[in-house]
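Source: prediction; values computed, not measured. Basis for what follows: all heavy atoms, side chains included, without hydrogens, waters or symmetry-related copies. Counting starts at 1 for both ligands and their atoms, following the listed order.
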Amino acid sequence: MDEHTSTYQPKSAFERWLDARLPIVRFSADLMEFPTPRNLNYWWTFGAILAFCLAVQIVTGVVLAMHYDASGAGAFLSVQRSIMRDVNYGWLVRSIHANGASMFFLAVYIHIARGMYYGSYKAPREVLWLLGCVIYILMMATAFMGYVLPWGQMSFWGAKVITSLLGAFPVIGDPITKLLWGGFAVDSPTLNRFFSLHYLLPFIIAAVVGLHIWALHVPGNNNPTGVNVKSKTDTVPFHPYYTVKDLFAVSVFMIVFALFIFYLPDAFEKVDNNVEANPLVTPAHIVPEWYLLPFYAILRAIPDKLTGVLALAAALGSLFALPWIDTSKVRSKRYRPMARNYWLVWVLAVLVLGWCGSQEPDGHVFPGGAGPVFIDYGINTVTWLSRIAAIYYFVWFWAITPLLGFFEKTLPVPDSLATPVLSHPATVPAGAAAAPQTKG
Ligand code: HEM
């Protein structure tokens, strides 16, 4: 919080000397003392979980890079033979890194959903939100380029499909695509460029995370009520209260992570990617990783390539604009039942888009007893389902969200963040009256 003043007192002569030159100990002590709302729930532990994921990806990525060969001729074997078979524990480092990407996205989607539900993007946290959106885009770029590196069939064809999208832009599209490819097709120079950028971007993400946390420390955390912190008694020091809670959440997350690493290492892997890239053989079904599927479905829902790319960009751009689109004075959707319901349908639309993105473009495929049952309704079910879900995706952003702020009926907002806790039956002694709630 901005009014927070440092209480750090250097103890030794050395600490005083250092503090006058580089107050790094004061800085860390201030972070630990940071006044944090006392009512944060477990959804607020995902920031720490994400920081953990980023560190894991960087450490395992640096180790993998020691044994990786970023050339068209050697990449596939360096992964499948050297790393997976020859290097001591190479299989483990790769499994952590590959599954870590999915865990990172799982955590980021929960973190974003938390921010949307509790209105953490609203003033005065707009810059914090924008920096989060930048991180998300950088994460997608990093993950996409990382997926190309094993140089399997899906790596190659995924790279071809996605980079070719840039060609849809008139005039600049073609030269940009060739610059990215390093030639006239996806080939060894493309792989080299992607490796270089894939190594660089996580460090840029780390720098933007630094800004993200700085932007968090100016207004301080939001909280489940969305009500501003009003007094010192509304907060507790970050350490030990939230360091311990975050550590516990990270430990539980590590157990789930470990289940994938050791028991389901290929759960997110496409089998085609264990076959070396072959520019002459197109796989029957090119699908990106699960975390990109909703956007892939939006892209495919529109027949015109350029319009599809623009819709994809608009889908991401809408996320950036959210703080200004939402006109409601109430932050938390706890007190906005209508907004909550429309938002839950939006989450459903994103899931439907994700499912559509994983299906054959003209698929009429529904799961049946003994295997997929093909139901031909005479219409392209997957494409139409994607279109309906994509329309709702945009209508929620650009019509429902701005209008609700004017027309919805909100529930009474507590006057302090402590009120809902103190008025809870479990905390009120028998016979005592519950604290009154006033509309804010
Ligand atoms: C590497 C990725 C990220 C890391 C390491 C990270 C880290 C953090 C941390 C440590 C916090 C404070 C603890 C918490 O509220 O959970 C936080 C808060 C926040 N983050 Fe992120 N974040 C990341 C990505 C994102 C993204 C993609 C968005 C949104 C698009 C976002 C939006 C927010 C918001 C709005 C808050 C404030 C929450 C509140 O106080 O209510 N973050 N982040």
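Below 30°, between 30° and 60°, or above 60°: for F253 and F46 the angle between ring planes is above 60°, a perpendicular geometry. Taking the six-membered ring where the residue is Trp, W151 and F156 present perpendicular rings, their angle passing 60° and hence far from 30°.
Contact annotation: for V108 versus ligand 1, heavy atoms closer than 4.0 Å belong to the side chain alone. Residue F104 touches ligand 1 through its side chain alone, judged by heavy-atom distances below 4.0 Å.
Around atom 21 (Fe) of ligand 1, the protein N, O or S atoms closer than 2.8 Å are H111 NE2, H212 NE2, listed by chain and residue number.
Between the choices R125, Q57, R114, the shortest heavy-atom distance to atom 38 (C) of ligand 1 belongs to R114.
Atoms of ligand 1 lying under 4.0 Å from at least one heavy atom of A51, given by number and element, are 5 (C). Taking a cut-off of under 4.0 Å to the non-hydrogen atoms of W129, the atoms of ligand 1 that pass are 29 (C), 35 (C). Close approach to C133 involves these atoms of ligand 1, each under 4.0 Å from a residue heavy atom: 30 (C). Of all atoms in ligand 1, numbered sequentially from 1 with element shown, those under 4.0 Å from a heavy atom of Y136 are 27 (C).
Of the possible polar contacts, none joining the D266 side chain to the E269 backbone as a donor-acceptor pair under 3.5 Å is found. No donor-acceptor pair under 3.5 Å is formed between the side chain of Y136 and the backbone N or O of V108.
Taking a cutoff of 4.0 Å between a charged side-chain nitrogen and a carboxylate oxygen, R38 and D234 do not qualify as a salt bridge.
A ring-centre distance under 6.0 Å is found for Y68 and F195.
For the pair R94 and W91, the cation-pi criterion (under 6.0 Å, within 45° of the ring axis) is not fulfilled. Because its NZ or CZ atom is not both nearer than 6.0 Å to the ring centre of Y118 and within 45° of the ring axis, K333 does not count as a cation-pi partner of that residue.
Counted within 6.0 Å of OH on Y342, heavy atoms from surrounding residues, nucleotides or ligands total 12 or fewer; the atom is thus considered open. Counting non-hydrogen atoms of other residues, nucleotides and ligands closer than 6.0 Å to CH2 of W398 gives a total above 12.
For ligand 1, the polar-atom distance check finds an N/O of W44 within less than 3.5 Å of one of the ligand's N/O atoms. Close N/O approach between S120 and ligand 1 is found [any backbone or side-chain N/O within under 3.5 Å].
Protein heavy atom in closest approach to atom 40 (O) of ligand 1: N222 N, 2.9 Å.
A search for ring pair (Phe, Tyr, Trp, His ring centres under 6.0 Å) contacts involving F27 returns nothing, not counting sequence neighbours.
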